[in-house]
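These notes concern the structure reproduced below.
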Amino acid sequence: MNQILKSRARIGGFLITVVLLLGSLSLHARTLPQGAHGTIALVPVDTPAVTSVTFQEKPQLIVGAIAIVAIPLFTTSGEYHVQLTYDDGRAENVAIKVLDRDYPEERITVTDQEHVTPSAPTLERVREESARMRAAYELFTSQPDDLLPIIQPVEGRNSGVFGSRRFFNDQPRNPHSGIDWAAPTGTPIKNPTPGTVVVVGDFFFNGKTVLIDHGGGFVSMMCHLSEILVTEGQRIDRGEVIGAVGTTGRSTGPHLHWTVSLNGVRTDPAVFMATLNALHDADP
């Protein structure tokens, strides 16, 4: 018999509801595993016989017997294949369906023009900082065994959603790579799930920043902090305070920006957290 499970996560003013029909999470189900571009698809795998799962040549996070397939933001809708590799060397392709999803437009006014059109020296700094962050995003350490539940890092009003098409002073820029919560300066920021601090820095755009490797390609980035309370290489537990909300870097007010990266692919933190916590709620 199929079991229907609902999990809700309140993200600021938004209520994200995830419904899982657990009995249909089967490789032989009539409905293909599916997810919208910029989110994730759940693909059941026969662990421990399945040793790795890849999508578009990138290894994927595995939680229990479910592969968490990250679908890049600009992926067109249609049917794709995920590759499963078994411990005996066999390989199998599993189809998934990528759906369309609308993302809003966001227009932001920034008073410091250097934060809109940086000068040449600033661009060199930005390139160096970006290289540090990219190296962290590409980390793929061992699959985590204590990933769930994932907790929201800070309570606050949702002030920026993932994937929004951003314009700074009417100039188009890259889509928003995470989620923002507005909260008073000094509000404690909690680590969402166990991990290791891999980058600590004070960056031009992101301000005071912490990147955390949670394993299996899952890396968190927390930005615009007023202070940082952890160091690179430090192992931190779920709920441990890593710093405080601030407005450093390119910021129009105190808030936390949280990016969720799955082996270099940014995904919607609200959907990611609600979906994986639904799996945790389903675990007997």
Side-chain angles (χ1 to χ4, degrees), residues 7-9 11-12 14-21 24-25 27 29-45 52-63 66-84 93-108 130 133-134 137-140 147 150 158-167 172-180 192 214 216-221 223 257-279:
S7 178
R8 294 180 174 88
I11 310 297
F14 296 87
L15 186 64
I16 304 295
T17 302
V18 173
V19 180
L20 297 181
L21 184 59
S24 68
L25 280 179
L27 294 179
R30 293 180 180 177
T31 302
L32 296 179
Q34 61 185 32
H37 63 102
T39 68
I40 56 176
L42 304 184
V43 176
V45 295
S52 67
V53 177
T54 59
F55 178 59
Q56 296 184 341
E57 300 183 351
K58 287 181 174 286
Q60 303 297 306
L61 174 67
I62 299 175
V63 178
I66 304 293
I68 313 301
V69 178
I71 305 170
L73 184 59
F74 295 109
T75 306
T76 56
S77 61
E79 186 174 309
Y80 293 80
H81 286 91
V82 175
Q83 293 74 43
L84 278 56
N93 286 334
V94 175
I96 65 170
K97 186 176 182 180
V98 174
L99 308 175
D100 282 327
R101 185 190 191 198
D102 290 329
Y103 289 94
E105 182 179 292
E106 186 177 8
R107 293 185 177 270
I108 301 168
S130 297
M133 291 185 283
R134 280 197 306 273
Y137 284 140
E138 294 300 328
L139 290 173
F140 195 90
L147 187 69
I150 298 171
N158 180 259
S159 58
V161 297
F162 174 84
S164 59
R165 301 183 299 278
R166 292 192 136 187
F167 295 79
R173 292 295 183 264
N174 291 331
H176 193 214
S177 63
I179 190 169
D180 293 341
H214 303 290
F218 171 21
V219 175
S220 284
M221 180 176 70
C223 299
H257 170 102
W258 179 31
T259 287
V260 170
S261 176
L262 300 177
N263 200 24
V265 175
R266 314 299 182 266
T267 193
D268 187 334
V271 174
F272 178 77
M273 181 167 57
T275 302
L276 267 66
N277 285 343
L279 292 176

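Quick note: residue numbers are just sequence positions, from 1.
- Side-chain atoms of Thr54 do not come within 3.5 Å of backbone N or O of Glu57 as any donor-acceptor pair.
- Side-chain contact between Tyr137 and Thr259 is present, with at least one heavy-atom pair separated by less than 4.5 Å.
- Checked by atom type and distance alone, the side chain of Gln60 pairs as donor or acceptor with a backbone atom of Ala70 at under 3.5 Å.
- Scanning all heavy atoms of the two residues, the minimum distance from Gly216 to Phe140 falls at O-CE1, 3.1 Å.
- The nearest pair of heavy atoms linking Ile71 to Gly35 is CD1-O, 3.4 Å.
- Atom CD1 of residue Ile68 and atom CD1 of residue Ile62 lie 9.0 Å apart, to the nearest 0.5 angstrom.
- Cys223 SG to Met133 CE: the interatomic distance, rounded to the nearest 0.5 Å, is 7.0 Å.
- Side chains of Met273 and Pro192 form no contact here, defined as non-hydrogen atoms less than 4.5 Å apart.
- The line from OG of Ser261 to NE2 of His214 is 10.5 Å long, rounded to the nearest 0.5 Å.
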Worked check of side-chain contact (heavy atoms from CB on, under 4.5 Å) between Val43 and Val53
CA-CA 9 Å; Val43 176; Val53 177; 5.8 Å; no

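- Residue Pro33 comes nearest to Ala95 through the heavy atom pair CD-O, 3.5 Å, listed as atom of the first residue, atom of the second, then distance.
- A search for ring pair (Phe, Tyr, Trp, His ring centres under 6.0 Å) contacts involving Phe272 returns Phe218, not counting sequence neighbours.
- Residues Val82 and Tyr80 have side chains not in contact (no heavy-atom distance under 4.5 Å, counting atoms from C-beta outward).
- Using a 4.5 Å heavy-atom threshold, the side chains of Thr275 and Thr39 count as separate.
- In terms of heavy-atom proximity, Gly178 sits nearest to His257 at N-CE1, 3.5 Å.
- Contact of the Val161 side chain with the Ile179 side chain is not registered, since no non-hydrogen atoms from C-beta on lie closer than 4.5 Å.
- Of the possible donor and acceptor atoms, one in the side chain of His37 sits under 3.5 Å from a partner among the backbone N and O of Arg101.
- Few gaps surround NZ on Lys58; more than 12 heavy atoms of other groups in view lie less than 6.0 Å from it.
- Distance alone, capped at 3.5 Å, places no donor-acceptor pair between the Asn263 side chain and the Leu61 backbone.
- With contacts defined as side-chain heavy-atom distances shorter than 4.5 Å, the pair Leu99/Ser77 does not qualify.
- Within the 4.5 Å cutoff, the side chain of Ile40 has heavy atoms near those of the Leu276 side chain.
- Scanning both residues, Phe162 and Leu73, for their nearest heavy atoms gives CE2-CD1, 4.0 Å.
- When all heavy atoms of His81 and Phe55 are compared, the pair lying nearest together is O-CD1, 3.5 Å.
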